[in-house]
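See below for the structure under consideration.
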Amino acid sequence: ARQCQHCENQPCRAQCPAGIDIAGFIRRIEAGNFIGAARLIRETNPFPEICGYLCPSEQLCEKACVRLKYASEPVQIRELVKWVAQQSGKEGWPSPAAAPNGKRIGILGCGFDSLSCAHFLSRLGYTIDIWGATADLSEWIRLKAKGQLPEEAIDRELKGITSPPVNLKNSSIKTRDQLS
């Protein structure tokens with residue numbers, strides 16, 4: 001973490017698809033505020049530990065790291081994201097931002113995009129029903145990760161995403177290809 005230059009314009013952040021405040025979360029790590037670092041990351045990315053395993057950071061944020069102008073290696077951003085997510089655990093999840101608003105939203109599909117949408121909408125007070133081909137999200141994530149994720153990482157991330165206002169429903173909806 002001490003290798004970070006805390007750039008004002010953060011070229012690494014500009015290359016991050018999730019828009020993580022990289023200098024901000026690294027500052028918190030340096031100060032020993034691991035829970036604050038994890039919460040800052042989770043403001044824009046509800047899957048930091050999974051991203052710590054799967055993100056091609058060498059092609060994104062680490063490729064844009066200013067440290068490469070004078071050193072042979074960038075700041076190990078992906079490893080820091082994964083580490084702080086593991087260290088902070090359940091305490092690193094932001095509290096619900098809004099009281100339940102009594103409105104319900106249905107989301108079709110159980111991919112990372114659907115789960116992220118459900119997470120952010122539930123923080124706004126909505127009750128979410130996710131309709132997917134399986135009610136077991138860990139099974140879907142295992143298939144997508146192709147053995148690159150430890151079971152405990154999947155479990156930790158899903159506990160934060162599937163908070164009480166998020167309900168998983170098994171869907172029997174068929175796609176056009178399945179009907180043929």
For I35, does its backbone N or O pair with a side-chain atom of E91 as donor and acceptor, under 3.5 Å?
-> no
Test Q10 against D21 for side-chain contact (heavy atoms from CB on, under 4.5 Å), laying out the working first.
-> CA-CA 8 Å; Q10 293 192 55; D21 180 358; 3.0 Å; yes
For the residue pair F25 and A37, what are the closest heavy atoms and their distance?
-> O-CB, 3.5 Å
With a 4.5 Å heavy-atom cut-off, do E49 and C51 have their side chains touching?
-> no
For the pair R67 (side chain) and E73 (backbone), establish whether a donor and an acceptor sit closer than 3.5 Å, ignoring hydrogens and angles.
-> yes
So, for F120 and N45, which heavy atoms are closest and what is the spacing to 0.1 Å?
-> CZ-N, 4.4 Å
Nearest-0.5 Å distance, NZ of residue K103 to CG of residue L124 | 11.5 Å
Closest heavy-atom pair and its distance - C65, P74 | CB-CB, 3.6 Å
Electrostatic pair R42-E157, nearest N-O below 4.0 angstrom = yes
Taking S88 for its side chain and F34 for its backbone only, find out whether a donor-acceptor pair lies under 3.5 Å.
-> no
With hydrophobic residues grouped by side-chain heavy-atom distances under 4.5 Å, do L40 and I77 end up in a single group?
-> yes
How many angstroms lie between NZ in K63 and CD in Q15, if you round to the nearest 0.5 Å?
-> 8.0 Å
Hey, could you give me the CD1/SG distance between I29 and C4, rounded to the nearest 0.5 Å?
-> 9.5 Å
Look at the side-chain heavy atoms of Ile, Leu, Val, Met, Phe, Trp and Tyr, link any pair under 4.5 Å apart, and say whether L60 and L54 land in one connected group.
-> no
Identify the two heavy atoms, one from A118 and one from V166, that lie closest to each other, and give their separation to 0.1 Å.
-> O-CG2, 4.2 Å
Cluster question for you: counting only ILVMFWY and a side-chain heavy-atom cut-off of under 4.5 Å, with indirect links fine, are I26 and V81 together?
-> yes
Got a salt bridge between E30 and R27, using NZ or NE/NH1/NH2 to carboxylate O under 4.0 Å?
-> no
With side chains defined as the heavy atoms from C-beta onward, is the minimum distance between Q86 and K82 less than 4.5 Å?
-> yes
Do W93 and I130 belong to the same hydrophobic cluster, where Ile, Leu, Val, Met, Phe, Trp and Tyr are linked whenever their side-chain heavy atoms lie under 4.5 Å apart, directly or via other members?
-> yes
Can you see which heavy atom on Y70 is nearest to which on Q5, and at what distance?
-> OH-NE2, 2.7 Å
Could you tell me whether a side-chain N or O of R28 sits under 3.5 Å from a main-chain N or O of G24, the two making a donor and an acceptor?
-> yes
Separation of R123 CZ from I128 CD1 (nearest 0.5 Å) | 13.0 Å
Report yes or no: do L121 and F47 belong to one cluster of Ile/Leu/Val/Met/Phe/Trp/Tyr joined by side chain heavy-atom distances under 4.5 Å?
-> yes
Spacing of E79 atom CD and E62 atom CD [to the nearest 0.5 Å] | 8.0 Å
Within-4.5 Å side-chain heavy-atom neighbours: I107 and W131 | no
Roughly how far apart are T127 OG1 and N101 CG, rounded to 0.5 Å?
-> 7.0 Å
Any donor-acceptor pair under 3.5 Å from R13 side chain to G19 backbone | yes
Flag yes if more than 12 heavy atoms outside E152 fall under 6.0 Å of its CD atom; otherwise flag no.
-> yes
